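Encoded as structure tokens, the structure appears first; notes follow it.
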Number of protein chains: 2
Amino acid sequence: MPYQFTDSVPYLLNWVGVRLGERFSLRLASYDITLPMYRVLATLRQHESKMLTELSEMVSVEISTLSRLVGVLVRRDLVTRVRPEDNARIVQIALTEKGAELADELMPIAAMFEKTAIEGLKPEEIKMFKTFLRHIGRNIGSL
Amino acid sequence: MPYQFTDSVPYLLNWVGVRLGERFSLRLASYDITLPMYRVLATLRQHESKMLTELSEMVSVEISTLSRLVGVLVRRDLVTRVRPEDNARIVQIALTEKGAELADELMPIAAMFEKTAIEGLKPEEIKMFKTFLRHIGRNIGSL
DNA sequence: CCACAATGGTTGTCAATGCAAATGTTTCCT
DNA sequence: AGGAAACATTTGCATTGACAACCATTGTGG
């Protein structure tokens, strides 16, 4: 059997990923929040405080882009950006009260969204699916 | 158990997808080809000829962006863009000889790449994984 | 058969992105 | 201690990409 591009894992992954992103962006639009913004808020909601580099790795946004993005989030009073006393080269990003509230409002929507997306898959299938994804994620190092 | 963002399907999907794309882009760089370009070539390799809108849907690239992208591929003599006699509002995109040759050179690399990415998963697991992806893909309509 | 809606594609414009260089900070080595 | 290397972030600049407005063609209902 020949290699079929549109049947390949990277293709399918991208196709589904892009569409999920598009759809969810639409939902976020009414909150005046972009998808990368949401990713930052949601990540911080579960990690308290992260430096820029860590955040960049987690949300898959290029660090210079993220630097600017954090800038707008600070201006909107959704996150804080502080240089710790004991280490002046890093910057800690954390949610403000307002940012935490927004995250708490948005995350249930994301949860519902995901629920609809994986509708029809059995719990153990979802578990497997995530395991496969993480497995591929680990393999990426050897690419 | 609370909803954990970094454990969600959309997050994992994006995380893995972005990284696969980044890595493969690096491979393509030596051919002076970008990832979206590769996607166009590979799609056409398996579909002969597509109109712009269909191509846009398949490669997940916004149509105006794709219009310009096709422009550069035409200039590089990798694809042709013709308005059929019988329907002058559509445009058919097809590979040139040169484009087909390039696709044939690149696709085995992509195949190897994928092989490495899914290393360690059993054939039936890969099959399941793709089934899950397609299933989610179909659900997206109801988002 | 003709106005008008719908479809397919291109172009103008501006915001988002990414790379590279610059800046400041800490760590490491001798 | 002193300077080089490594690290974390920011900024400048050029490219990319998205959205909207637009043009051209085809399809449709009265």
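Chain letters run A, B, ... following the sequence lines, proteins first and then strands; every chain starts at 1. Since the structure is predicted, the reported quantities are computational estimates derived from the model, not experimental observations.
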| field | Integer-rounded Å distance: C:dT10 P and B:Met51 CE | value | 11 Å
| task | Could you state the atom-to-atom distance from CD1 of B:Ile63 to C1' of D:dA20 in whole Å? | result | 14 Å
| query | Under 3.5 Å, is there a donor-acceptor pair between the side chain of B:Glu114 and the main chain of A:Ser8? | reply | no
| query | D:dT10, C:dT11, C:dG9: which one has an atom nearest the side-chain heavy atoms of B:Ser64? | reply | C:dT11
| request: Among the candidates D:dT11, D:dA8, C:dT26, find the nucleotide nearest to the side-chain atoms of A:Arg68. | output: D:dT11
| task | Write down the distance between CG (A:Leu52) and P (C:dT25), rounded to a whole number of angstrom. | result | 17 Å
| Any Lys/Arg nitrogen of A:Arg19 or B:Glu57 sitting under 4.0 Å from an Asp/Glu carboxylate oxygen of the other? | yes
| said: As an exercise, state the distance from CD1 of A:Ile33 to CG of A:Leu73, rounded to the nearest 0.5 Å. | reply: 6.5 Å
| said: Centroid separation under 6.0 Å, is that true for the rings of A:Tyr31 and A:Tyr38? | reply: no
| task | Please report, rounded to the nearest Å, how far the C1' atom of C:dG9 is from the NZ atom of B:Lys50. | result | 17 Å
| query | How many Å lie between CD1 on A:Ile90 and P on D:dC7, as a whole number? | reply | 14 Å
| The side chain of A:Arg89 lies closest to which of these nucleotides: C:dT11, C:dT25, C:dG9? | C:dT25
| field | side-chain N/O A:Arg81 vs D:dT10 OP1/OP2, d < 4.0 Å | value | yes
| said: Side chain of B:Ser67, heavy atoms from C-beta onward: which of C:dG8, C:dG18, C:dT10 has the nearest atom to it? | reply: C:dT10
| note | Against the side chain of A:Arg83, the closest entry in D:dT26, C:dT11, D:dT10 is D:dT10
| note | Separation of D:dA8 atom P from A:Ile93 atom CD1, nearest Å, is 14 Å
| field | Nearest-angstrom distance from the residue atom CG of A:Asp86 to C1' of D:dA8 | value | 14 Å
| task | Map A:Ala88 and A:Thr65 onto DNA chain C by nearest heavy atom, then report which one ends up closer to the 5' terminus. | result | A:Thr65
| query | Between C:dG9 atom P and B:Leu69 atom CG, what is the distance in whole Å? | reply | 15 Å
| Nucleotide of C:dT10, C:dG18, C:dT26 approaching A:Glu62 most closely (side-chain heavy atoms) | C:dG18
| task | Taking atom CD of B:Glu97 as the centre, report whether more than 12 heavy atoms of other residues, nucleotides or ligands fall under 6.0 Å from it. | result | no
